[in-house]
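The structure appears below as structure tokens.
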Protein chains: 2
Amino acid sequence: MLEINNAFNSDHNHDHCVSGALNNAKAICKENGQRLTPIRELVLRLVWGSHKPLGAYELLPALAEAGFNSAPPTVYRALDFLHQLGLIHKIGSLNAFVGCSNPEHPHPSAFMICTECKTAAEIETSELQTSFNRVANTHGFQLEEENIELLGLCSDCRGNES
Amino acid sequence: MLEINNAFNSDHNHDHCVSGALNNAKAICKENGQRLTPIRELVLRLVWGSHKPLGAYELLPALAEAGFNSAPPTVYRALDFLHQLGLIHKIGSLNAFVGCSNPEHPHPSAFMICTECKTAAEIETSELQTSFNRVANTHGFQLEEENIELLGLCSDCRGNES
DNA sequence: AAATGTATTGTTATAATATAACAATAACTG
DNA sequence: CAGTTATTGTTATATTATAACAATACATTT
């Protein structure tokens, strides 16, 4: 059974998501001998602080406000760094980044993305991984990354349309 | 069981794919009261003629050669038109378009994309649709489109690396 | 601490992708 | 044929992303 996270439930305590992600990130960086520098930490906080995928250029003002350089390469470097460690996901169809799955164990993931309000809810995909791994193995394909995006209207936005 | 098409098999008669897609496109346009104009047909041929996803700007020279206007809006319009009818797929992570699944019945689809040679092989996903539909229904999500991308190395490119 | 090498960040410029806005033409409809 | 709609042409610009190199910070060895 596929389960989703609570992105569509606006009641949850989201600070918990962010701080969980941060602790996780620190551990992962330590394991890999990488440094979670102030810029990287800020970008991680910003991305995880939103259930809506954020584009690189949406992050720049916050970087500037925090006193960092805010040219595009700065934010793209931080995003690439976090992405490579599996700490954030890139939503290809939106050119935007999102965090907030279960921060204790990074994993391939899928998203339901509302085309109206842009909210992205992560789907737990363990059940799909079997299928993906099998088809990859069958064809000698070395699976390295997944972009799984379900696009449509969330229940809130469906309601507002009627 | 997931099956893939023959994109990784360079021996197949690809003209057949293209002409199949074209016939299918004509029928679908007729059904929907849409016109498959010369520009649209050319773009369809070009996209289906390649197993590698093609970016919009890669198509422009061919449009120019064929005597059409070749400014970006021209090709984006044709791509949007074909995409909306389900005749081509957009690969979000590559900003590129691809055709060539079973042209007789358009359907949601998934791709294995080689990050080295850029070839995209379509995966038949009927087995996954059940899962996707269920999770969408459970959360009142109105599923409209899917971007399913498996990224990695195809067997050819794995061989070349060793 | 000084010297050295590596990683990170700053900075400028530009590449690559995509769309807005409006004019001109072609195709459909009564 | 006149009126309407759909398509294409055209110019300009918005959005997303990276190249290239300089400057600084950090880590390691001596």
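Note on naming: letters A, B, ... go to the chains in the order of the sequence lines (proteins, then strands), and numbering restarts at 1 for each one.
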(message) Assuming nearest nucleotide by heavy-atom distance, tell me which of A:N95 and A:I39 is located more 5' along DNA chain C.
(response) A:I39

(request) Between A:P38 and B:G55, just flag the one whose closest nucleotide in DNA chain C comes earlier from the 5' side. (result) A:P38

Side chain to side chain, [X] and [Y], heavy atoms closer than 4.5 Å:
X: A:T119; Y: A:V98; answer: no
X: A:I113; Y: A:I91; answer: yes
X: B:W48; Y: B:F97; answer: no
X: B:V43; Y: B:T74; answer: no

(request) State which residues pass side-chain hydrogen bond (donor to acceptor under 3.5 Å, both in side chains) with B:K30; sequence neighbours excluded, sorted by chain then number. (result) none

(request) Using a cut-off of strictly less than 4.0 Å, decide whether B:K90 has a side-chain nitrogen or oxygen near OP1 or OP2 of C:dT17. (result) no

Given atom [atom1] of [X] and atom [atom2] of [N], what is their separation to the nearest angstrom?
X: A:Y57; N: C:dA18; atom1: OH; atom2: P; result: 14 Å
X: B:L94; N: C:dT17; atom1: CG; atom2: C1'; result: 13 Å
X: A:F81; N: C:dT8; atom1: CZ; atom2: P; result: 7 Å
X: A:L85; N: C:dT8; atom1: CG; atom2: C1'; result: 15 Å
X: A:L36; N: C:dT8; atom1: CG; atom2: C1'; result: 13 Å
X: B:L60; N: C:dT19; atom1: CG; atom2: P; result: 14 Å

(message) Does B:N69 reach a base, just sugar-phosphate, or nothing at all? Heavy atoms under 4.0 Å.
(response) base

(request) Rounding to 10 degrees, work out the angle separating the end axes of the helix from C:dA1-D:dT30 to C:dG30-D:dC1 (five pairs an end). (result) 30°

(request) Pull out every residue in residues 71-80 of chain B that has a heavy atom closer than 4.0 Å to any atom of DNA chain D, ordered by number, or say none. (result) B:A71, B:P73, B:T74, B:R77

(message) If the condition is salt bridge (charged side-chain N to carboxylate O under 4.0 Å, His left out), which residues does B:E146 pass it with, not counting sequence neighbours?
(response) none

(request) Mind checking salt bridge (charged side-chain N to carboxylate O under 4.0 Å, His left out) for A:R40 and listing every partner two or more places apart, or none if nothing turns up? (result) none

For [X] and [Y], work out which heavy atoms get closest and say how close.
X: A:M112; Y: B:V135; answer: SD-O, 4.4 Å
X: B:E122; Y: B:S109; answer: OE2-CB, 2.6 Å
X: B:Y57; Y: B:P72; answer: OH-CG, 3.4 Å

(request) Taking heavy atoms of chain A and a 4.0 Å limit, find me the 5'-most and 3'-most nucleotide of DNA chain D within that range. (result) D:dT16 to D:dC26

(message) How long is the straight-line distance from CG of B:N133 back to CG of B:L128, given to the nearest 0.5 Å?
(response) 10.5 Å

